[in-house]
Amino acid sequence: MSEKEELKKTSAKAASGAKEGKKKTSYISAKDSRRITKFNRKITKKLENDREEAGKDPASYTTKMRDPNNVVEFDNMCTYFFSDVGTVKAVDGISFDVPKCSTVGVVGESGCGKSVTSLSLMQLLQRPAGQTVGGEIRLNMGDGTALNIVNTPVEKMQELRGNYISMIFQEPMTALNPVFRIGRQVNEVIELHNPEMTEEEVKARTMEMLELVGIANKEGVYEMYPHELSGGMRQRICIAIALACRPGLIIADEPTTALDVTIQAQILDLLQNLKDKINSSIMLITHDLGVVAGMADYVVVMYAGRVIEKGTADDIFHHPAHPYTIGLMKSKPVVGKKVDALYNIPGSVPNPVDMPNYCYFRDRCEMHCEHCSGKYPPEIRISDTHVVSCYRFFETGEVLGYPKTVDVEGLLNG
Amino acid sequence: MAETTVQAHDAYSAELFRDAEKNPENLLVVKNLKKYFPIKSSFFKVTVGNVKAVDGVSFIIKKGTTMGLVGESGCGKSTIGRTILRLIEKTEGEVFFNGEDIFKLSKSELRAHRPNIQIIFQDPYSSLSPRIPVGEIIGEAVREHNIVPKDEFDDYITRVMEACGLAEYHKDRYPHEFSGGQRQRICIARALALNPDFILCDEPVSALDVSIQAQIINLLRDLQREFGLTYLFISHDLSVVEHISDTVGVMYLGNLVEFAATEPLFAKPLHPYTKALFSAIPVPDPDYKMNRIILEGSIPSPANPPSGCKFHTRCRDCMEVCKYVSPDFAEVEPEHYCACHLYNSPSRSAELAKVVAEMKRQEAQKAEGKK
């Protein structure tokens with residue numbers, strides 16, 4: 001039986017099963033609650049032990065990049081949270097690459113797993129509840145080897161954070177420490193990663209960084225506390241801290257959401273210029289399509305923990321293929337384009353604890369077909385750079401493969 | 001001497017919007033509204049200065065239309081809204097609602113007036129009481145103000161909820177059981193239940209996701225058509241404001257710098273700040289050539305605003321006169337108001353040049369006196 005025939009069969013089966021439907025309720029009985037807690041304790045203990053074992057042997061976390069021109073490769077990465085109401089599959093089998101010296105925009109609504117992706121890459125997940133349970137994140141070390149971030153021990157991660165990957169957070173006020181002066185906070189990063197530098201050298205470097213991010217009064221700002229600065233200035237300081245060790249990848253997690261439009265323009269301009277100056281890549285996480293269009297070379301669209309579409313900015317903005325991307329574009333008012341009523345995507349995101357086994361977007365989709373009730377759609381290549389997960393292209397495109405999910409129950413037993 | 005000259009060039013001119021409140025088409029007329037928040041010294045509680053949150057703002061909202069109010073954070077958008085609702089008292093100026101000065105209303109009159117003007121807050125997570133079921137949240141004020149007879153109460157609440165896209169069985173649920181978009185619907189239903197003429201929307205969509213934003217914006221528009229509502233829509237998202245508004249006011253540091261109908265304003269902004277603001281809007285099109293006007297620095301403190309035109313410290317077209325005299329808020333083109341010296345008439349420019357020369361002379365004198 002060919003794959004396509006098989007698919008038709010399963011989709012028919014699933015459609016009939018969906019009709020029966022069980023009663024959905026958010027109520028959890030005490031018995032269920034105890035079962036979940038017990039399971040969570042067991043699985044997190046096992047995962048923590050596995051990680052410790054893997055961390056002891058460098059061979060288990062050194063790998064090779066698939067393409068040496070990438071800074072980071074996500075390969076079927078799964079990050080789950082073992083919460084009291086069940087396992088939340090925040091990120092479930094995503095794959096995309098961040099090429100050298102380019103900007104990759106990750107777009108999606110809140111709760112779609114954008115931030116969890118970046119936190120997994122930094123290994124900043126709230127453990128033990130949050131765990132990267134499967135797949136690989138490969139970080140290019142620049143000397144032909146790569147590290148698999150998933151298994152890298154914490155001590156090794158400390159060398160990488162700030163040095164190879166660094167992060168700019170959404171809220172500059174909470175990212176900076178209110179009780180230390182700006183100078184000290186920038187110095188800290190440089191001192192930590194360059195222990196051989198003298199105090200004067202560190203200060204000189206800090207000054208250089210402050211100048212780089214466009215702070216005119218650098219001597220004054222060096223001695224200031226964060227509360228003395230405006231939001232835009234604080235975000236500049238955060239950028240200075242992130243860039244202090246010239247990392248290969250900067251993760252900007254909604255860097256301008258807390259800022260005003262005019263300040264946003266300043267910060268985006270700054271980021272774009274700095275990226276070229278220090279030859280690094282940016283992973284720009286945002287929900288604002290306008291920001292992505294202005295900055296990104298490649299765009300990854302996420303929905304409910306999965307990548308549903310990826311391609312160059314041109315692919316995504318001019319030839320969006322996934323119904324969700326199309327809907328998202330239409331639902332945002334654009335200055336200069338008058339429409340009578342905005343398109344709205346009906347319904348809302350499915351409950352992350354209890355994801356359906358068909359396409360997550362089917363129930364909100366106006367273009368769904370019979371295939372859509374079957375398995376979650378595979379990644380389908382529709383042009384050289386453009387990949388989409390939607391059955392509408394199943395016949396025409398080249399099927400790359402289904403996202404791999406991890407069976408947590410099986411993990412415990414096997 | 002210099003003081004009096006500057007006073008004469010206050011941003012507000014008495015001629016502007018004269019008798020506008022007598023026109024029944026104008027639902028809301030705001031004239032030279034000012035709101036200063038005193039800064040108290042720590043010990044004796046002596047007022048040592050003022051934060052000029054709103055400093056002379058005038059505009060008109062016609063019945064059944066939407067006015068958008070945009071500007072950076074801290075420019076006084078929300079303060080205007082709250083003053084119009086008389087949630088906080090004004091410092092100076094007048095606000096006419098249906099031809100009635102709302103600051104002259106007594107306590108009981110104000111209470112009777114309240115159902116006419118309602119507000120939707122920015123954050124639906126903190127503006128709903130977590131301990132009250134939704135039906136009661138919506139119905140509480142209805143009962144207090146005796147909007148409907150007792151026996152029709154339940155049906156009325158159901159009807160209002162249905163108009164806002166909520167179902168009847170939601171009545172007994174609590175706010176935490178709802179998603180952000182649905183909570184905002186509850187807030188809208190609460191405002192709508194009092195059968196108001198005017199709703200102040202204070203950033204109603206900024207806390208929501210893009211796809212949910214579209215739902216709420218469409219809902220607001222549908223309700224406007226159905227019930228003939230008038231909105232003041234405060235937002236910092238210019239694309240949303242352009243979509244929903246009929247007229248737009250642009251604010252900078254407590255002043256309204258430009259006020260016009262949406263289309264001419266977006267097609268041809270006059271004030272340099274408006275131009276910079278519009279150029280900074282991110283456009284979701286990678287081929288769009290960004291021709292951004294990047295403003296230097298950030299918004300000055302409203303406790304100590306720059307002299308003259310408040311925008312002159314960041315303005316590309318700053319002239320000598322801008323540093324000394326604040327510009328008039330004048331009708332530059334028909335129904336297009338702007339406060340900028342670039343659009344002064346030649347006679348006005350000549351007049352101002354004299355004032356500036358006089359002020360400079362006095363400044364020089366003072367400096368010499370100090371030596």
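Residue numbers start from 1 in every chain, and the chains themselves are labelled A, B, ... in the order their sequence lines are given, proteins ahead of strands. Being a predicted model, the structure only gives us computed values, none of them experimental.
Heavy atoms closer than 4.5 Å to chain B are found in both the backbone and the side chain of A/Q266. Interface remark: A/V292 contributes no atoms to any contact with chain B (heavy atom separation under 4.5 Å). In this structure, chain B has no heavy atom under 4.5 Å from any part of A/R236. For B/S73, the parts sitting under 4.5 Å from any heavy atom of chain A are the backbone and the side chain alike. Residue B/D222 does not touch chain A at all, counting heavy-atom pairs closer than 4.5 Å. In this structure, chain A has heavy atoms under 4.5 Å from both the backbone and the side chain of B/L277. Only the side chain of A/S230 comes within less than 4.5 Å of a heavy atom of chain B; its backbone N, CA, C and O stay farther away. Using a 4.5 Å cut-off between heavy atoms, A/Y343 touches chain B through its backbone atoms (N, CA, C, O) alone.
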_With side-chain contact (heavy atoms from CB on, under 4.5 Å) as the criterion, how do A/H318 and B/D285 come out once you've worked through the C-alpha distance, each side chain's angles and the decisive distance to 0.1 Å?_
CA-CA 8 Å; A/H318 292 156; B/D285 180 356; 3.0 Å; yes

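Here CG of B/L219 is found 10.0 Å from CG of A/N344. Values are rounded to the nearest 0.5 Å. Atom-to-atom distance recorded for B/H236:NE2 and A/T262:OG1 is 11.0 Å, nearest 0.5 angstrom. A distance of 9.0 Å separates CG of A/L342 from CD of B/Q213, quoted to the nearest 0.5 Å.
In terms of heavy atoms, B/V210 sits closest to A/S331 at CG1-OG, 3.7 Å. For A/V291 against B/P282, the heavy-atom pair with the smallest separation is N-CB, 3.6 Å. Of all non-hydrogen atoms in B/Q215 and A/I345, the two that sit nearest each other are NE2-O, 3.1 Å. Annotation for A/V334 and B/E242: closest pair O-OE1, 3.5 Å, computed over non-hydrogen atoms.
Enclosure of atom CG in A/D276 by more than 12 non-hydrogen atoms of other residues, nucleotides or ligands within 6.0 angstrom is indicated. A/Y298 OH: 12 or fewer foreign heavy atoms inside a 6.0 Å radius. Environment of NZ in B/K62: sparse, with no more than 12 heavy atoms of neighbouring residues, nucleotides or ligands closer than 6.0 Å. Environment of CD in A/E211: sparse, with no more than 12 heavy atoms of neighbouring residues, nucleotides or ligands closer than 6.0 Å. For A/D384, the CG atom counts as loosely surrounded, since its 6.0 Å shell holds 12 or fewer non-hydrogen atoms of other residues, nucleotides or ligands.
When each of B/I244, B/D237, B/V240 is checked for a side-chain contact (heavy atoms from CB on, under 4.5 Å) with A/P333, only B/V240 meets the rule.
Annotation: maximal heavy-atom pairing with chain B below 4.5 Å, among A/D314, A/I316, A/T312, A/D269, occurs at A/D269. Taking B/Q182, B/E177, B/R225 one by one and counting their heavy-atom pairs under 4.5 Å with chain A, the maximum is reached by B/R225. Counting heavy-atom pairs closer than 4.5 Å to chain B, the top residue among A/P346, A/A296, A/A293 is A/A293.
Two residues are said to be in side-chain contact when any heavy atoms from C-beta on lie closer than 4.5 Å; B/S239 and A/K332 meet this criterion.
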